[in-house]
Q: 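Below is the structure I would like to discuss, written out as structure tokens.
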Amino acid sequence: MMASRIPESTRALVIKKCSEETKPVYHDAVLETCPLQRLKHGEVLVKMGAVSFNHRDLWIRLGQYPGINFGSAFGADGAGTVVASADSNDALLNKRVFLTPMRGWESKPDAPETENGFGILGGGRNPPLGTFAEYVVVERNQVIRSPDHLDDVQVSAWPLGGLTAWRAAIVNAEASKDQNILITGIGGGVALLAMQLCLAKGANVYVTSGSEEKIRKATALGAKGGVNYKLKDWPSHLVALLAKNSGKSAKMDAVLDSGGGDIMTRVNSILKQGGKVVVYGMTANPQIKFTIREVLKNQRLIGSTMGSLKDLTDATTFVSDHRIVPVVSHVLEGLEAAEEGFELMKRGDQFGKIVVRITDKANAKL
């Protein structure tokens, strides 16, 4: 893109503080025209092709997320094309990329390099940018080339969820060939990506859900089977499934969980000695019960939050090599349709990611 043709502004979906009278709190998501800063050394301009929702976008509107920066753009996930660079000879020009969804964790294996330096894109100050825009100015070392086998809609469904899933399933649970892995709450973006990564590693995947339809869909994608967690004795149903597929003595090698609460005590009897429960969210209960029974079985509870830039690079290479396609539940057309995405998130009946395709109505002022 010629320097004279670089847009001066972009439309973006920004968070605005709701009135004091709004009860319960539900902050506004407003489509605004925002100025684009001039590109500085090391920066590129990405024309967004698609962006996707995460639960944190809804939590921000509900006032349930720390560090909300009113006036900033929503969105941690987005993919598009580099259309301009501060360096006119930049090899990234006209290349398809996605934005790294976080800052402050480069390569340290256990946790971010600094105690308070980690931040996620969208709605906050660290970093002060979000993907829900037609154009985004970003550091060139914070974009990654999009896998060739995926379009922008599919790529936008990958970064935050994919990084979280990779860290939980591959780095922490160490899922590998022929292991039995249980993934709770199938249907959400992270759980589905974790399932796809484990399947690509050759593991046997089992799932739980409160929806029989989601269990059927997961089985169609390669899961060995699943049980409804609304059943009081759901672990015993899993025992039967394991016995049928792998023999009477079969146990789970690891559990990937996003609910918290009583997960350790529920899976104690079906998890092998020394088995791991990796928790990447706590949507059911922000505390986990851990008893002497788990201690005596050497069972491990591991907290897992997103991951490093190195993790994301490794995960993206794996997705390319195995031609994994993230599951997309809904595709909405244009940022004008974003409100529908928030409503879908509230309902929670999606199977896969909710994506907004950024339509080519170049309202940017050229």
Q: For Asn172 and Tyr280, which I'm curious about, is there any donor-acceptor pair between the side chains at under 3.5 Å?
A: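 Checked: Asn172/Tyr280 side chains show no N/O donor-acceptor pair below 3.5 Å.
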Q: Salt-bridged, Glu294 to Arg300, with N to O below 4.0 Å?
A: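 A salt bridge is absent here (no side-chain N lies under 4.0 Å from a carboxylate O).
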Q: Can you spot which of Val171, Thr164, Val278 makes a side chain to side chain contact (heavy atoms under 4.5 Å, CB included) with Ser304?
A: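 Of Val171, Thr164, Val278, side chain to side chain contact (heavy atoms under 4.5 Å, CB included) with Ser304 is met by Val278 alone.
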Q: With a 4.5 Å limit on heavy-atom distance, are the side chains of Leu312 and Trp166 in contact?
A: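 Answer no - side chains too far apart.
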Q: For Asp151, which residues count as a salt bridge (Lys or Arg N to Asp or Glu O under 4.0 Å) partner, sequence neighbours excluded?
A: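 Here no residue qualifies.
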Q: Could you tell me the separation between the CZ atom of Phe351 and the OG atom of Ser209, rounded to the nearest 0.5 Å?
A: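 Phe351 CZ to Ser209 OG: 8.5 Å, rounded to 0.5 Å.
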Q: If the condition is side-chain hydrogen bond (donor to acceptor under 3.5 Å, both in side chains), which residues does His237 pass it with, not counting sequence neighbours?
A: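 Partners of His237 by the side-chain hydrogen bond (donor to acceptor under 3.5 Å, both in side chains) criterion, ordered by chain and then number, come out as Asp233.
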Q: Side-chain donor-acceptor pair under 3.5 Å between Gln142 and Thr100, yes or no?
A: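 The answer is yes; a qualifying pair exists.
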Q: Please determine if Glu139 and Arg103 form a salt bridge, counting it only when a charged side-chain N lies under 4.0 Å from a carboxylate O.
A: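 Answer for the salt bridge query: yes.
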Q: Between Arg357 and Glu333, does any NZ, NE, NH1 or NH2 come within less than 4.0 Å of an OD or OE carboxylate oxygen?
A: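 Looking at Glu333 and Arg357, the cut-off is met.
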Q: Taking C-beta and beyond as the side chain, do Ile6 and Leu45 meet within less than 4.5 Å on heavy atoms?
A: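 Yes, at least one pair of side-chain atoms sits under 4.5 Å.
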Q: Might you confirm whether atom NZ of Lys310 has over 12 heavy atoms from other residues, nucleotides or ligands at distances under 6.0 Å?
A: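 No.
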Q: Do you see a donor-acceptor pair shorter than 3.5 Å between the side chains of Ser19 and Thr22?
A: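 Ser19 vs Thr22: donor-acceptor pair found between side chains.
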Q: Just how far is it from atom OH of Tyr229 to atom CD1 of Ile215, taken to the nearest 0.5 Å?
A: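 Spacing of OH (Tyr229) from CD1 (Ile215) equals 9.5 Å.
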Q: If only side-chain N and O atoms count, and only distance matters, is there a donor-acceptor pair under 3.5 Å linking Thr316 with Trp158?
A: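 Yes, because at least one side-chain N or O of Trp158 sits under 3.5 Å from a partner of the opposite role on Thr316.
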Q: Which residues satisfy the salt bridge (Lys or Arg N to Asp or Glu O under 4.0 Å) test with Asp77, sequence neighbours excluded?
A: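 Asp77 satisfies salt bridge (Lys or Arg N to Asp or Glu O under 4.0 Å) with Lys353 once adjacent residues are dropped.
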Q: Please, which pairs that meet salt bridge (charged side-chain N to carboxylate O under 4.0 Å, His left out) have at least one residue in residues 199-225, sequence neighbours excluded?
A: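 Only Glu213-Arg216 qualify under salt bridge (charged side-chain N to carboxylate O under 4.0 Å, His left out).
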Q: I'd like a table of donor-acceptor pairs (distance under 3.5 Å, sequence neighbours excluded) in which one partner is a side-chain atom from residues 250-257, with atom names and distances.
A:
| residue | atom | partner | partner atom | Å |
| --- | --- | --- | --- | --- |
| Lys251 | NZ | Ser269 | O | 2.6 |
| Asp253 | OD1 | Lys272 | NZ | 3.1 |
| Asp253 | OD2 | Asn180 | N | 2.8 |
| Asp257 | OD1 | Thr184 | OG1 | 2.8 |
| Asp257 | OD1 | Gly259 | N | 3.3 |
| Asp257 | OD2 | Gly259 | N | 3.1 |
| Asp257 | OD2 | Gly260 | N | 2.7 |

Q: Pairing donors with acceptors under 3.5 angstrom, does anything connect the side chains of Ser308 and Asp311?
A: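 Their side chains do contain a donor-acceptor pair, which is all the 3.5 Å distance test asks for.
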Q: Tell me every residue that passes side-chain contact (heavy atoms from CB on, under 4.5 Å) with Arg125, counting only those two or more places apart in sequence or in another chain.
A: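 If we apply the side-chain contact (heavy atoms from CB on, under 4.5 Å) test to Arg125, skipping adjacent residues, the hits are Asn69.
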Q: Could you tell me whether Lys346 atom NZ has more than 12 heavy atoms of other residues or ligands within 6.0 Å of it?
A: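 Yes, NZ of Lys346 has more than 12 neighbouring heavy atoms, counting only those of other groups under 6.0 Å.
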Q: Validate the cation-pi geometry between Arg61 and Phe342: distance from NZ or CZ to the six-membered ring centre under 6.0 Å, angle to the ring axis within 45°.
A: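 Satisfied, under 6.0 Å and within 45°.
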Q: Check the side chains of Asn298 and Gln273 for a donor-acceptor pair under 3.5 angstrom, ignoring hydrogens and angles.
A: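 Judged by distance alone, the side chains do not pair up.
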Q: Indicate if Val328 and Leu58 have the same hydrophobic cluster label, given that clusters are the connected sets of ILVMFWY residues with side-chain heavy-atom separations under 4.5 angstrom.
A: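 No, it is not one cluster - the side chains of Val328 and Leu58 are not joined through contacts under 4.5 Å.
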